[in-house]
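The structure under discussion appears below in the form of structure tokens.
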Amino acid sequence: MTLTIALPSKGRIKDGTVEIFERAGLGITSIGNDRSYRGRLEGVDGVEIAYLSASEIARELAAETVDFGVTGEDLVREGMPGVDEKVEFCARLGFGQADVVVAVPEIWLDVETMADLGDVAADFRARHGRRLAIATKYWRLTQQFFSRQHGIQLYRIVESLGATEGAPAAGQADIIVDITSTGSTLKANHLKVLTDGVILKSEACLVRARKPEHNADPRVEQIVRAVRAVTGGSDG
Ligand SMILES: Nc1ncnc2c1ncn2[C@@H]1O[C@H](COP(=O)(O)OP(=O)(O)OP(=O)(O)O)[C@@H](O)[C@H]1O
Ligand SMILES: O=P(O)(O)OC[C@H]1O[C@H](OP(=O)(O)OP(=O)(O)O)[C@H](O)[C@@H]1O
């Protein structure tokens with residue numbers, strides 16, 4: 001059986017991934033020319049590398065069309081329900097860090113916590129004639145955090161595929177859920193993170209689709225062990 005590992009072909013987490021695999025002694029050779037989107041793992045038979053974008057990798061893990069993937073935890077958790085039954089976060093790789101956060105306009109001076117936001121949401125329709133609108137591309141993580149963790153049910157999600165931080169100023173939404181790393185985009189848009197508004201501290205991870213055939217395959221353990229050995233043995 002061929003094992004497929006999906007690795008980022010571009011973007012923020014590409015370089016870190018190549019470096020981790022090299023340090024782990026899992027060298028990659030490309031099949032065909034340098035611009036090829038397929039590769040092989042040196043020293044481990046029958047392992048194919050598929051180069052995809054970070055979000056495609058999350059999708060392929062959900063569809064179980066790949067055995068392993070390196071991508072952001074945020075994209076994997078957003079991409080499938082019941083995520084921990086479907087995939088294993090084998091190793092946290094120490095780069096691609098970003099927090100998925102709830103941020104509100106800085107001028108909401110008396111809103112500092114999710115409980116404060118819950119009060120705002122409860123009054124919102126009476127005051128404004130509509131529900132509190134949240135701009136995000138992380139609708140699953142948002143629903144889990146608001147409805148399940150904080151019991152806030154009165155809101156509406158406005159899907160945003162880019163420039164989410166601009167949505168409140170543009171009048172498209174009242175607050176946002178988005179990724180932040182340095183915080184400068186939030187600041188530039190006069191938004192602040194609620195004190196208990198960090199939904200997820202994400203980073204790049206080695207993720208395995210939980211397939212029954214992996215149990216009897218020594219290559220699976222070999223790959224996980226090699227990567228863990230150079231990432232402090234962390235397993236998410
Ligand atoms: N400042 C940041 N902004 C956005 N994503 C970040 C940031 N820092 C780290 N990441 C992480 O990088 C990953 C996304 O990587 P990247 O933006 O390179 O993907 P991509 O190649 O654009 O994918 P796609 O084109 O499929 O959207 C996410 O897991 C995200 O959490
Ligand atoms: O906290 P910061 O360091 O300011 O980073 C956060 C911002 O960076 C990303 O956008 P980017 O402009 O990189 O484009 P993208 O949305 O296409 O990833 C992300 O979507 C945030 O908007």
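Here the structure is a predicted model, which is why all the values come from computation and not from measurement. Counting convention: from 1, in listed order, for ligands and their atoms alike. The first residue of the sequence shown is numbered 1, and numbering continues consecutively from there.
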Query raised in the report: Do Thr195 and Glu112 meet the criterion of a side-chain donor-acceptor pair at a distance under 3.5 Å?
Result: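 There is no such pair between these side chains.
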Report summary line: Tightest non-hydrogen contact, residues Lys137 and Ser160, listed as CB-O, 3.1 Å
Requested in this report: Applying salt bridge (Lys or Arg N to Asp or Glu O under 4.0 Å), run through Arg40 and Asp45 and close with a yes or a no.
Outcome: CA-CA 9 Å; Arg40 262 193 216 106; Asp45 280 345; over 6 Å; no
Tell me whether [X] contacts the main-chain N or O of [Y] through its side chain, where contact means a donor paired with an acceptor under 3.5 Å.
| X | Y | value |
| --- | --- | --- |
| Lys187 | Thr182 | no |
| Asp67 | Thr4 | yes |
| Arg228 | Cys90 | yes |

Query raised in the report: Contact residues of ligand 1 with a heavy-atom cut-off of under 4.0 Å?
Result: Lys10, Gly11, Arg12, Ser53, Ala54, Ser55, Gly72, Asp74, Leu75, Gly96, Gln97, Ala98, Ile179, Ser181
Show me the short polar-atom pairs for ligand 2: any N or O of it lying under 3.5 Å from a protein N or O, with distances only.
| residue | atom | partner | partner atom | Å |
| --- | --- | --- | --- | --- |
| ligand 2 | 1 (O) | Thr180 | OG1 | 2.9 |
| ligand 2 | 1 (O) | Ser181 | N | 2.8 |
| ligand 2 | 1 (O) | Thr182 | N | 3.1 |
| ligand 2 | 1 (O) | Gly183 | N | 2.8 |
| ligand 2 | 3 (O) | Ser181 | OG | 3.0 |
| ligand 2 | 3 (O) | Thr182 | N | 2.9 |
| ligand 2 | 3 (O) | Thr182 | OG1 | 2.5 |
| ligand 2 | 4 (O) | Ser184 | OG | 3.2 |
| ligand 2 | 4 (O) | Thr185 | N | 2.9 |
| ligand 2 | 4 (O) | Thr185 | OG1 | 2.5 |
| ligand 2 | 13 (O) | Arg12 | NH2 | 2.3 |
| ligand 2 | 18 (O) | Arg12 | NH1 | 3.3 |
| ligand 2 | 18 (O) | Arg12 | NH2 | 3.3 |
| ligand 2 | 22 (O) | Glu165 | OE1 | 3.3 |
| ligand 2 | 22 (O) | Glu165 | OE2 | 2.6 |

Query raised in the report: Given the rule in the side chain to side chain contact (heavy atoms under 4.5 Å, CB included) test, do Phe95 and Thr17 qualify, once you have shown the distances and angles that lead to the verdict?
Result: CA-CA 9 Å; Phe95 56 88; Thr17 302; 3.7 Å; yes
Query - Carboxylate-amine/guanidinium proximity below 4.0 Å for Arg210 and Glu85 - result: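 Here Arg210 does not pair with Glu85 in a salt bridge, since their nearest N and O are not under 4.0 Å apart.
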Report task. Tell me, with the steps shown, if Lys192 and Glu106 meet salt bridge (Lys or Arg N to Asp or Glu O under 4.0 Å). Result -> CA-CA 5 Å; Lys192 62 177 178 182; Glu106 278 168 358; over 6 Å; no
